[in-house]
Structure formats: structure tokens, C-alpha cells
Amino acid sequence: MLHIKCPHCGMRSQNEFSYGGDATIKRPELGKEISDQDWDNFVYNRKSLRGKHWELWQHLSGCRQWIKVQRDTATHEIFKTLKANEEIS
Amino acid sequence: MQKYSVFSLVKNALSNHENWDLAWKDPTPKKEYDVVIIGGGGHGLATAYYLAKEHNITNVAIIEKGWIGGGNVGRNTTIIRSNYMHDDNALFSEFGMDLWRRMSQDLNYNVMFSPRGIINLAHSDAQMNTYARRGNSMRLNGIDAVLLNREEVREIIPMADFSENVRFPIFGGLMQPSAGTARHDAVAWGYARQADDMGVDIIQNCEVIGFDVSAGKINGVRTSRGEIKAKKIGLCVAGSTNILAEKLNMTLPIETHLLQACVSEPVKPVLDKVVTFGAGHFYISQSDKGEMVMGGDLDGYNSYAQRGNLPTLQHVLTEGIAMMPFLSKLKMLRTWGGIMDMSMDGSPIIDKTHIEGLYLNCGWCYGGFKATPASGWTFAHTIAQDRVHELNAGYSLNRFNTGHLLDEKGLGTKTWIS
């Protein structure tokens with residue numbers, strides 16, 4: 001069982017959260033002309049790193065906020081959590 | 001090579017089974033091969049076997065980081081089926097079913113193929129309608145499909161919950177009678193033994209460190225046991241595809257996730273079909289040893305852990321008990337996890353890449369084991385002829401770019417969509 005520290009609510013069990021995938025993917029700017037490849041990269045292509053991975057989780061059964069979590073995908077160690085609007089440094 | 005038969009068994013019994021040939025050798029890697037296959041799992045071994053058998057290419061090496069058959073081919077729930085609706089999946093899988101039926105003879109190795117049938121349970125009228133549609137599509141493609149009503153299902157699997165007041169009553173099911181199971185390790189070993197006999201070098205404990213690519217062409221691979229040159233390299237490393245893709249500066253439509261399976265303590269024969277729960281994701285069969293073999297959803301987040309987490313197991317087994325209440329009385333014998341290539345549309349990729357001589361076989365999601373022979377056969381064709389076969393034309397890498405997704409269930413990495 002993972003324990004995730006929600007930046008709004010504190011330490012909670014994994015059961016309260018829903019997973020949202022890679023947090024470093026940025027949506028192409030609205031209204032800007034982009035190539036199919038850029039769109040492909042945004043929608044489908046993922047690095048899926050082994051090791052430290054920034055990812056989105058939603059505290060679905062809690063405050064319902066989306067948060068960013070830095071987790072090791074091999075050991076499941078969680079290093080850091082951020083609010084959704086905080087930039088990954 | 002010594003042929004396995006009842007006569008060789010008797011003969012070797014007389015010498016206390018001390019004189020059997022090694023099933024495959026342990027060669028030192030050569031400097032150069034015509035083809036290098038990375039990954040000594042079911043798909044990699046099958047690819048090497050069909051390269052030699054169908055295309056006469058025998059100067060081939062399989063390089064494997066650990067030991068052959070130690071990944072997902074040794075960790076799955078052994079289900080073999082072709083109950084797909086979309087043509088690309090149906091024709092590919094049914095081609096594989098033919099290979100499965102002949103496999104024990106072809107490989108001279110008993111893979112214990114057991115075509116016992118699979119039943120997908122339906123729990124609503126709407127689901128019966130979609131099953132009728134899928135069943136009809138299957139039959140149009142020459143695949144056997146039978147739509148069962150509630151009473152017909154009850155006759156086949158009376159141990160399922162047919163009581164009146166359940167959350168997900170059984171309305172009926174879709175059965176593919178020719179589907180079944182096989183002995184998964186035997187598949188890997190059988191392919192390995194035959195490939196080795198035809199001249200393929202199976203090189204274990206050999207990790208890929210990097211690739212030698214110049215001017216858009218692959219020239220070889222750098223490994224923990226030295227550099228190996230090859231004009232053609234095939235990647236068959238489901239679960240580690242993203243790790244090797246990174247070494248090639250490729251980003252693929254794949255996330256790496258963890259899928260668990262488990263077996264109960266062995267019990268007397270109770271279930272002679274593969275059964276799947278239609279209101280969630282749970283599947284079950286009984287092994288020859290008597291264990292109930294069960295599996296279900298992904299853990300749900302990117303993982304390379306090869307080890308599962310209990311909340312998912314609890315969720316999956318809750319579905320199992322809803323479907324077959326007697327399961328609650330069984331003790332769990334063993335649980336394990338394997339890492340999956342989850343492609344974004346839930347279908348695999350067998351294709352060439354933008355690098356000349358580099359071929360990709362990945363994205364098998366939940367269904368890699370049953371695809372082993374067809375995957376090896378089509379991947380061998382793709383490598384040998386440098387073009388995809390019509391059977392794997394739908395499994396292209398650029399379908400995500402062009403929008404020709406193969407969304408059989410539309411699940412991919414997002415399990416919660418179902």
C-alpha cells in the first residue's frame with residue numbers, strides 16, 4: 001500500500017487516490033499551429049521512466065484536488081508531493 | 001538433437017536419466033550475427049525459431065539479460081484465445097491458434113495445450129448484445145463463438161453465483177470453445193530447444209548497454225559481454241521496452257505497468273473452462289495441479305517493481321468472489337507480478353522503426369502469452385523480409401500518429417476507463 005502525502009490533506013492511503021500519469025507532459029498551446037507529431041507526443045508518447053517519475057494523482061476520495069507526486073517507479077518510494085499549480089523544480 | 005518420445009524416455013530410464021542431451025547450449029557470443037534478437041522470452045525465442053525455420057536465417061543470437069523464460073512468459077495466467085472483434089486482432093490471433101494446435105508436434109515438446117474453452121460472462125442485456133455482435137464478428141472471421149443464455153452457462157459452470165439477489169446477475173456469456181491454456185514454461189523451453197538446434201545462439205546473462213546507430217542505420221549492440229555487430233536487430237523486451245527505447249532516443253506510445261496474478265491452494269477438479277467476469281476485470285482457470293489461477297486489473301500506476309500491491313489484489317479477488325463465492329473458502333498459495341508494456345490503445349506493435357534494421361515488437365498489454373507463436377512468426381517475417389506481413393500490418397507504430405487506432409476495448413494504460 002502506498003502512502004501519499006496530499007499537500008492539502010496530509011498523509012493518506014493510496015486507496016483514496018486515482019492515478020493520472022506523467023506530470024511533465026505539457027498540452028500544446030491553445031490556438032497555436034502544431035504538427036501531428038507534437039500532438040502525438042502530447043496524447044500518446046511517454047518516456048515511462050524507471051526510477052524517479054513525476055506523476056499526477058487525484059485525491060478522489062478526499063479533497064478531489066489533482067496533485068503532483070515524485071515517486072520511484074521501481075521501489076515506490078515517494079520523494080515529494082506538490083500542488084497541481086506548483087512547478088516541478 | 002535427441003528426439004523426445006516414449007522410446008527415448010525408456011532408453012534414458014535405463015541409464016537413470018543421466019545421459020539426456022542439454023536442451024540448449026551456453027555459447028560465447030560471436031562478434032557478428034545476421035540478426036540479433038533482444039529478449040529471451042516467449043516472443044524472442046519464437047521469433048528466432050521462425051527466422052530459422054521459415055526464412056533459413058540461422059546466424060542469429062538471442063541476448064537475454066537474465067535467463068530465458070524468466071519474464072512474463074513465466075508469469076502469466078496461460079490463457080490462449082482469439083475472441084476478438086476487430087479483423088486485425090481476430091485474424092492475427094486465429095492464425096496463432098493454428099500454430100498453438102500444432103505446437104507440441106512442431107517443437108517435439110509437450111506444451112500441454114488444453115483447448116478447454118473460454119466463457120466471457122455477461123451481466124446485462126446490453127452486454128449480451130455486445131457479445132452477440134462480437135460473436136458474429138468472430139464467426140465471420142472463421143473463429144468459433146457460441147452465445148450462451150443463463151441456463152446454458154449454469155450447466156457448464158454451476159459453481160458460479162446464480163442466486164437471484166446479486167449485484168451482477170449472470171445473463172449469459174460468450175464462449176469460444178477452441179480457446180484454452182498451455183504450459184507456459186514449456187512454450188519458452190520448446191522454442192529455445194528447437195532454435196538452438198537450428199543454430200541460434202541463446203546468450204543469457206547478457207545485458208544491453210547501448211546501441212550502435214549511425215546515419216540512421218543500426219550496426220550493432222553493446223552488451224555486458226562485449227560488442228555484437230548485426231545489420232538487423234529485433235526488440236522483444238515487453239516490460240523493458242521503454243528502458244531500451246530511451247537508449248535509442250525513442251519515445252513510444254507505451255507506459256510500463258504492473259499486472260498481478262495469483263493461485264490458490266490446489267483443490268480437486270472443479271472448473272474445466274477459463275471464465276472471465278463481465279462486470280469488472282477478473283479471469284480464472286484451474287491448473288492441472290488443481291490451483292485456481294486468477295488475475296485481473298493492473299496496479300494502475302507506472303511500475304517496474306515486478307511485485308504487486310495489495311489493494312489491487314483485494315479488488316480483483318472481490319470480483320472473483322462475487323462471481324464464484326466458493327473462492328472465499330480457498331487459501332492463497334502464491335501471488336506475483338510482472339511488468340507489462342501497456343500501449344495506448346491496448347493493442348500491440350510489431351513493426352519496423354525509423355532506424356533502418358531496427359524492428360520493434362512490444363505493447364502486448366494483458367495478452368502477450370497467447371500471441372507468442374503468431375508474434376514470433378510475423379516478427380520473423382518482418383525482420384527477414386524487411387516489411388510487415390499482412391497479419392501484423394494493423395500493429396503499426398505510426399497508427400497513433402495517423403489515428404488508425406486498434407481499440408478493441410479502448411483500455412490501454414487507463415484501467416479506470418472500463
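Letters go in sequence order (proteins before strands), and every chain restarts at 1. Heavy-atom basis, side chains included; hydrogens, waters and symmetry copies ignored.
- Every residue meeting the salt bridge (charged side-chain N to carboxylate O under 4.0 Å, His left out) condition with A:Glu55, not counting sequence neighbours, appears here in chain and number order: A:Arg71.
- Between B:Asn309 and A:Gln14 there is a side-chain heavy-atom pair separated by less than 4.5 Å.
- Residue B:Trp336 places its CH2 atom among more than 12 non-hydrogen atoms of other residues, nucleotides or ligands, all under 6.0 Å distant.
- In this structure, A:Lys47 NZ and B:Met250 CE are separated by 12.0 Å, a value rounded to the nearest 0.5 Å.
- Counting heavy-atom neighbours within 6.0 Å of A:His8 NE2, excluding the residue itself, gives a total above 12.
- For B:Leu405, the part lying under 4.5 angstrom from a heavy atom of chain A is the side chain only.
- Of the residues B:Asn302, B:Asn242, B:Leu258, the one that meets the side chain to side chain contact (heavy atoms under 4.5 Å, CB included) test with A:Thr73 is B:Asn302.
- For B:Leu252, the part lying near chain A is the backbone, with the side chain staying farther off; criterion is any non-hydrogen pair under 4.5 Å.
- Atom OH in B:Tyr304 sits 12.5 Å away from atom NE2 in A:His76 (nearest 0.5 Å).
- Within the 4.5 angstrom heavy-atom criterion, only side-chain atoms of B:Glu246, from C-beta onward, approach chain A.
- The part of A:Asp40 that comes within reach of chain B is its side chain, from C-beta onward, which places non-hydrogen atoms under 4.5 angstrom from that chain.
- Taken from CG in A:Asn15 to CD in B:Gln314, the straight-line distance is 7.5 Å, to the nearest 0.5 Å.
- Ring geometry for A:Trp57 against B:Tyr301 counts as tilted: the plane angle lies between 30° and 60°, on a 0 to 90° scale.
- In terms of heavy-atom pairs under 4.5 Å with chain A, the best-connected choice from B:Leu310, B:Thr241, B:Ile243, B:Thr402 is B:Ile243.
- Counting heavy-atom neighbours within 6.0 Å of A:Gln37 CD, excluding the residue itself, gives a total above 12.
- Smallest separation of non-hydrogen atoms from B:Pro311 and A:Met1: CG-SD, 3.7 Å.
- Between B:Asn401 and A:Tyr44, the side chains place no donor N or O within less than 3.5 Å of an acceptor N or O (distance only, hydrogens not considered).
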